[in-house]
Student: 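Right, I'll just put the structure down here and ask away after.
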There are 2 protein chains.
Amino acid sequence: MKLTKAEWQIMNALWEEHPATAREVMDRLPTGVKWAYTTIKTMLTRLVEKKAVSETKQGNTSVYDPLVSQRKARISAFRSLLDQAFDGAMGPLVHFLVEEKQLTPRQQAELIELLQDETEGKGETK
Amino acid sequence: MKLTKAEWQIMNALWEEHPATAREVMDRLPTGVKWAYTTIKTMLTRLVEKKAVSETKQGNTSVYDPLVSQRKARISAFRSLLDQAFDGAMGPLVHFLVEEKQLTPRQQAELIELLQDETEGKGETK
DNA sequence: AGTATTTTACTACATCTGTAGAAGGCGCCC
DNA sequence: GGGCGCCTTCTACAGATGTAGTAAAATACT
């Protein structure tokens with residue numbers, strides 16, 4: 001389930017709260033994204049065709065729901081990046097993350113904390 | 001510098017060893033990718049237009065060199081993924097990595113260690 | 001009811017992507 | 001000096017993407 005950049009915007013708005021109408025989606029787009037109402041409709045229609053969201057009529061108006069979970073979409077996007085840009089392996093990515101400290105010290109600290117929290121309880125290290 | 005999937009294939013081959021001719025690139029594509037020679041040429045031409053690679057004539061034949069480093073390309077791709085799919089923040093990504101067990105415990109430990117090393121040296125030149 | 005507003009279904013259209021075929025030029029072989 | 005194989009430049013073309021405009025139908029407002 002490959003989503004394009006624009007589709008991610010829409011999906012992000014949908015995941016945030018759903019079901020939602022086209023107008024609601026529109027209102028929840030990141031400030032800065034200024035699409036015509038019909039553009040949103042077009043996107044939603046295409047997403048429906050792709051089976052990424054469902055459309056249900058509520059009287060005359062359509063309400064949409066994600067059919068693809070954010071989790072699945074993330075996994076898919078992540079895998080693509082890995083395959084395309086990091087030889088399909090975690091190793092190079094981890095290396096990259098650290099080497100290219102794209103992270104502020106603050107982010108690094110946060111990351112460490114998160115990792116430690118997550119690892120905790122995750123059970124016996126082999 | 002946004003690269004498409006197909007372009008990544010070409011660039012990966014080029015980064016592997018360069019300068020290289022179109023035919024060399026072709027030979028170094030992942031087994032399974034079976035493009036016509038002219039397809040590769042077209043890609044390379046487009047990459048030249050995009051200023052992602054340079055083209056130099058060697059007699060009648062063109063030899064290509066990356067103008068964009070793999071590092072830069074990776075940073076860009078990584079940032080895009082982050083922005084699109086992870087709210088632009090490392091937090092959600094790390095959470096995802098751990099949750100989805102995309103990281104082996106070993107890699108988690110590694111990441112923590114590397115991050116700690118980085119953080120320690122941050123104020124002082126180590 | 002008559003008007004204003006919203007929503008929908010269609011259509012449009014320029015770019016970008018993936019994939020390549022055609023035709024012409026150059027060096028080498030016999 | 002005609003062919004063979006390789007390289008080049010041009011052109012093509014369908015499908016995906018980004019971004020909307022129009023017109024007509026449904027709903028709401030006064």
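Chain letters run A, B, ... following the sequence lines, proteins first, then strands; residues in each count from 1. No hydrogens, no waters, no symmetry mates; every other heavy atom, side chains included, goes into these values.
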Student: Can you measure B:Lys41 atom NZ to C:dA22 atom C1' for me and round it to whole angstrom units?
Tutor: 16 Å
Student: Hey, could you give me the OG1/CG distance between A:Thr21 and A:Asp27, rounded to the nearest 0.5 Å?
Tutor: 7.5 Å
Student: Thinking salt bridges, do A:Glu7 and A:Lys50 make one under a 4.0 Å N-O criterion?
Tutor: yes
Student: Give a yes/no on whether any side-chain N or O of B:Thr39 is located under 4.0 angstrom from OP1 or OP2 of C:dG18.
Tutor: no
Student: From the options D:dT19, C:dT8, C:dA20, select the nucleotide whose nearest atom is closest to the side chain of A:Thr42.
Tutor: D:dT19
Student: Answer yes or no: does a side-chain N or O of B:Arg23 lie under 4.0 Å from OP1 or OP2 of D:dC7?
Tutor: yes
Student: Between P on C:dG18 and CG on B:Leu3, what's the gap in Å once rounded to a whole number?
Tutor: 11 Å
Student: How would you label the contact of B:Lys57 with the nucleic acid (heavy atoms, under 4.0 Å): base, sugar-phosphate, or nothing?
Tutor: sugar-phosphate
Student: Here's a test of your reading of the structure: between A:Asn60 and A:Lys34, which maps to the more 5' nucleotide of DNA chain D?
Tutor: A:Lys34
Student: How long is the straight-line distance from CE of A:Met1 back to CD1 of A:Ile75, given to the nearest 0.5 Å?
Tutor: 13.5 Å
Student: Under 4.0 angstrom, heavy atoms only, what part of the nucleic acid is A:Thr61 near: base, sugar-phosphate, or nothing?
Tutor: sugar-phosphate
Student: Taking atom P of C:dG18 as reference, at what distance in whole Å does atom CD1 of B:Ile40 sit?
Tutor: 13 Å
Student: How close or far is atom P of D:dG18 from atom OH of A:Tyr37, stated in whole angstroms?
Tutor: 20 Å
Student: Select from A:Lys2 and B:Thr21 the residue whose nearest nucleotide in DNA chain D is closer to the 5' end of that strand.
Tutor: B:Thr21
Student: Below 4.5 Å, heavy atoms only, C-beta onward: do A:Leu82 and A:Leu93 meet side chain to side chain?
Tutor: yes
Student: Using whole Å, report how far CH2 of A:Trp8 lies from C1' of D:dA16.
Tutor: 18 Å
Student: Does A:Lys57, at its NZ atom, have more than 12 non-hydrogen atoms belonging to other residues, nucleotides or ligands within less than 6.0 Å?
Tutor: yes
Student: In whole angstrom, what separates A:Arg46's CZ from D:dA20's P?
Tutor: 12 Å
Student: Would you mind reading off the distance between A:Trp35 atom CH2 and D:dG21 atom P, rounded to a whole angstrom?
Tutor: 15 Å
Student: Among D:dT19, D:dT17, C:dG18, which nucleotide has an atom closest to any side-chain atom of A:Lys50?
Tutor: D:dT17
Student: Name the closest nucleotide to the B:Thr4 side chain, picking from D:dG18, C:dG18, C:dA9.
Tutor: C:dG18
Student: Checking only heavy atoms, does the side chain of B:Thr38 share a donor-acceptor pair with the base of C:dG21 at less than 3.5 Å?
Tutor: yes
Student: Rounded to whole angstrom units, what separation is found between the CE atom of B:Met26 and the C1' atom of C:dG18?
Tutor: 16 Å
